[in-house]
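Here the structure is laid out as structure tokens; the discussion comes afterwards.
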Amino acid sequence: MDLYIDTANLDEIKEAAALGILDGVTTNPSLIAKEKGVTYHARLKQICEVVSGPVSGEVISTDYAGMMKEAAELIKIAPNIVVKLPTTIDGLKACKALSDQGTKTNMTLVFQPLQALMVAKAGAFLVSPFIGRLDDVAEDGMDLIHRMRQIYDNYGFRTKILAASIRHNKHLVDCALAGSDVATMPLSVIKTALNHPLTDSGLKKFVEDYKKAFPG
Ligand code: G3P
């Protein structure tokens, strides 16, 4: 399973990249808006200079023509830019047109399996189900990942399932078990993926025993 970081913060991206396991970056307008003193495109360019894997840059337009115009500008930023589009009628049309011209897309704000079927038929490179936001409204985010996996496997769709809105380690391990192709998450989740109290106490004991046995 590929691991992406879900942020527009450069320090966080560099910290995750330094771990050596970072495969890509997802951003959205809300995440870039949190960053002070940068323009939208400039921040995407800076991210693409740090990470060679796919970097999702989202359009703001909600109409087909506007999305296509923005996509044309976004793909000039760097070769690894993936155009992130909302999963709407206009977004679907833009996905099909961009896929046909060889531009990679990430279809976002997916909350039910038929949206995933439609964007796969339109040639999406990535599809982003938001599992945390489904859990927030008392639905089952992980069930959506399972259903999408089944549908894609039934018909051999090559669109990659990118589990988004991941809030904690249980989401992450369940995504891996469900066969999600990619998971994107905040730096805090990436870092806690290595945590276990028995690792910490075990390491402490190894070091203590060594020092006792081999003083100096
Ligand atoms: O980038 C999309 C998604 O990961 C957002 O997550 O935590 O705002 O629901 P969240």
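Order of appearance sets the numbers: ligands from 1, and atoms from 1 within every ligand. Given the structure is predicted, the values throughout are model-derived calculations rather than measurements.
- Side-chain polar atoms of Glu12 and Thr7 form a donor-acceptor pair below 3.5 angstrom.
- For Ile89, the CD1 atom sits in a loose shell: 12 or fewer heavy atoms of surrounding residues, nucleotides or ligands are nearer than 6.0 Å.
- More than 12 non-hydrogen atoms from other residues, nucleotides or ligands lie less than 6.0 angstrom from CZ of Arg167.
- Side-chain atoms of Ser128 and Thr108 form no donor-acceptor pair, as typed in the model, at a separation below 3.5 Å.
- Put simply, the side chain of Gln115 does not reach to within 4.5 Å of the side chain of Met118, judged on heavy atoms.
- Using modelled atom types and a 3.5 Å distance limit, the side chains of Gln46 and Arg43 yield a donor-acceptor pair.
- A distance limit of 4.0 angstrom between heavy atoms and ligand 1 selects the residues Asp6, Asn28, Lys84, Phe130, Arg133, Ala164, Ser165, Arg167.
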